[in-house]
Amino acid sequence: MSDANVRIPEEAKDRLAAIAAAEGLSLRAYLARLAETMLTPAERAEQAEQARAALEKWNGYAPTEGEQRDLDSELDRRLAQVTGR
């Protein structure tokens with residue numbers, strides 16, 4: 001396995017190193033675990049589609065594109081409210 005160098009601000013590196021240490025990991029191990037557990041946008045979209053298909057099969061849930069946009073907007077609004085963004 002080869003290593004890669006990633007340039008990030010010192011403050012970000014220090015924060016990640018502190019989080020890693022709190023979990024008993026090196027920064028290298030923490031970042032490797034993070035990369036293994038995070039989903040790419042394509043993977044998230046695939047999971048969302050699988051969930052939508054399962055809901056439709058289970059109870060007929062099939063929102064229109066407009067309804068889906070409204071639901072996404074409402075979720076974004078609520079997330080912004082809790083995260084202060």
Side-chain angles (χ1 to χ4, degrees):
M1 172 186 351
S2 64
D3 288 337
N5 292 318
V6 178
R7 296 180 56 88
I8 61 172
E10 188 75 23
E11 298 81 24
K13 181 196 78 80
D14 292 345
R15 180 173 171 77
L16 290 169
I19 294 168
E23 295 190 25
L25 298 170
S26 68
L27 179 55
R28 182 176 191 243
Y30 178 76
L31 292 174
R33 186 180 76 181
L34 187 64
E36 291 170 3
T37 59
M38 297 294 294
L39 297 175
T40 66
E43 290 167 335
R44 283 194 307 273
E46 181 181 343
Q47 282 192 356
E49 177 54 29
Q50 289 172 353
R52 188 211 55 76
L55 284 170
E56 184 174 0
K57 181 178 178 183
W58 176 59
N59 67 3
Y61 178 76
T64 65
E65 285 186 33
E67 290 169 332
Q68 187 61 51
R69 275 192 306 277
D70 291 345
L71 292 167
D72 288 344
S73 293
E74 178 62 14
L75 179 59
D76 289 343
R77 184 189 69 75
R78 289 181 184 199
L79 286 171
Q81 187 176 25
V82 228
T83 60
R85 292 184 187 176

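Just so it is clear, the values below take in all heavy atoms, side chains as well, and ignore hydrogens, waters and symmetry mates.
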Atom pairs and distances, side-chain donor-acceptor, residues 2-22, under 3.5 Å, sequence neighbours left out:
{"residue": "D3", "atom": "OD1", "partner": "R28", "partner atom": "NE", "Å": "3.3"}
{"residue": "D3", "atom": "OD1", "partner": "R28", "partner atom": "NH2", "Å": "2.7"}

Pairs meeting criterion salt bridge (charged side-chain N to carboxylate O under 4.0 Å, His left out) with involvement of residues 36-46, two or more places apart:
none
Using a 4.5 Å side-chain heavy-atom cut-off and chaining through intermediate ILVMFWY residues, the residues clustered with L55 come out as W58, Y61, L71
Heavy-atom neighbours of E49 CD exceed 12 at 6.0 Å
yes
For A29, all residues meeting side chain to side chain contact (heavy atoms under 4.5 Å, CB included), sequence neighbours excluded
L25, S26
Measure the CD-CG distance between Q68 and L75 for me, rounded to the nearest 0.5 Å.
9.5 Å
With sequence neighbours excluded, residues passing side chain to side chain contact (heavy atoms under 4.5 Å, CB included) with R77
E74, Q81
Looking only at heavy atoms, the pair that brings E67 and A62 closest together is OE1-O, 4.4 Å
Contacts of E56 meeting salt bridge (Lys or Arg N to Asp or Glu O under 4.0 Å) (sequence neighbours excluded), chain-then-number -> R52
